[in-house]
Protein chains: 2
Amino acid sequence: MANLGSNDQRVLTTLKKSNKPLSAYDILDRTRSAALKAPVQVYRALQKLEKRGLVHRVEALNAFVACCDDHHGLHRPGFVVCRDCGVAREFEDKRVARVAEDAAGPDFLIETISLEIYGRCAPCRAAA
Amino acid sequence: MANLGSNDQRVLTTLKKSNKPLSAYDILDRTRSAALKAPVQVYRALQKLEKRGLVHRVEALNAFVACCDDHHGLHRPGFVVCRDCGVAREFEDKRVARVAEDAAGPDFLIETISLEIYGRCAPCRAAA
DNA sequence: GTTGCCTTCGTTATGATATAACATTACGGT
DNA sequence: ACCGTAATGTTATATCATAACGAAGGCAAC
Ligand SMILES: [Zn+2]
Ligand SMILES: [Zn+2]
Ligand SMILES: [Zn+2]
Ligand SMILES: [Zn+2]
């Protein structure tokens, strides 16, 4: 598979600099001066990055985060997301795969698992 | 809280008749002749129905399903979704809540949990 | 009853997310 | 150089969701 192109790297760098998930259009805004001019370029980069496990999509936010763990390669993380401050913390738990297999049954071929937990983080609760 | 209005019931009935998740615009298409004329009416109905646990949103599909279980009230189901045929099967597993609590930690207030499993169901695999 | 208030519902417009379709360029193999 | 393929750029469009405002309905105080 081809290496990362310059668009891909710009998108990845942008995500790594953010402590929150960014939408494709957030990324576009932050890279427009650099080189990216249209949504499709961002989406193409995101797709490539996601295939390699460098970026994850947070479904319920329509947004993307850089994987917090560079060495891992592809994996199936979950996310804990604060609705107030928007921070998304990636985690893994082996029990998730077992739950998924039990739910899907032996003849279902699992391709992806999305587990997202929403609520209020401790600092935000204290502040409120 | 107010009872279901006629729009709400039309939306719920439409979802119950479908064996797959429907987008808000799918619902709109199927109810336009009845009474619903604009997306916002569908979204308002869906919001009310979701609050009562009568429908669930499937995040990664941007779509909605009628709850398979009428008596339950509010609960936290997961979904097993076939990418080929689009069927979404609702399930529950108590282990999910424990995984979520462990991941979120004691000071995070969990509000919602979304667990969605994507892949190919047995009939679709056999057909392919 | 009618006035004022609040909630629901309808209508129009717009914002936000994502992809289709096609042109252009980059690049390796011959 | 020539071709075929993959990557990138460009324009347009499809899809999903909400803002803003007004009309209609219910309910209590007067
Ligand atoms: Zn990761
Ligand atoms: Zn927070
Ligand atoms: Zn349910
Ligand atoms: Zn299937």
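The model shown is predicted, which means the values in this text are computed figures rather than measured ones. Residue numbers begin at 1 in each chain, while the letters A, B, ... track the order of the sequences.
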Rounding to a whole Å, what distance do you find between [X]:[atom1] and [N]:[atom2]?
X       : N      : atom1 : atom2 : result
A:Lys51 : D:dA6  : NZ    : P     : 13 Å
A:Leu61 : C:dA18 : CG    : C1'   : 16 Å
A:Asn3  : D:dA7  : CG    : P     : 11 Å
B:Asp26 : D:dA14 : CG    : P     : 16 Å
A:Lys48 : C:dT19 : NZ    : P     : 17 Å
A:Leu49 : D:dT8  : CG    : P     : 11 Å
B:Glu59 : D:dC16 : CD    : P     : 14 Å
A:Leu4  : D:dT8  : CG    : C1'   : 15 Å

Go through [options] for me and flag the one nearest to the [X] side chain.
X       : options                : result
B:Arg44 : C:dA20, C:dG10, C:dT11 : C:dG10
A:Tyr43 : C:dT17, D:dT8, D:dA20  : C:dT17
A:Phe64 : D:dT8, C:dA18, C:dC9   : C:dA18
B:Lys37 : C:dA20, D:dT18, C:dT11 : C:dT11
A:Ser23 : D:dT18, C:dT17, C:dC9  : C:dT17

Exercise for the section: May I ask you to check whether over 12 heavy atoms, not counting those of B:Gln9, lie within 6.0 Å of atom CD? Expected result: yes

Exercise for the section: Could you check whether A:Ala38 gets within reach of a base, just the sugar-phosphate, or nothing at all, counting any heavy atom under 4.0 Å? Expected result: base

Side chains of [X] and [Y]: do they bring a donor and an acceptor to under 3.5 Å?
X       : Y       : result
B:Gln41 : B:Tyr43 : no
A:Glu92 : A:His75 : yes
A:Glu50 : A:His56 : no

Exercise for the section: Can you check whether any acceptor in the base of D:dA17 is under 3.5 Å from a donor in the side chain of B:Tyr25, or vice versa? Expected result: yes

Hey, is the side chain of [X] poking within less than 4.0 Å of OP1 or OP2 on [N], counting only N and O atoms?
X       : N      : value
B:Gln41 : C:dG10 : yes
B:Asn62 : D:dA17 : yes
B:Asn7  : C:dT8  : no
A:Arg57 : C:dA18 : yes

Handout entry: Donor-acceptor pair, side chain of A:Glu116 and main chain of A:Val81, under 3.5 angstrom
Key = no

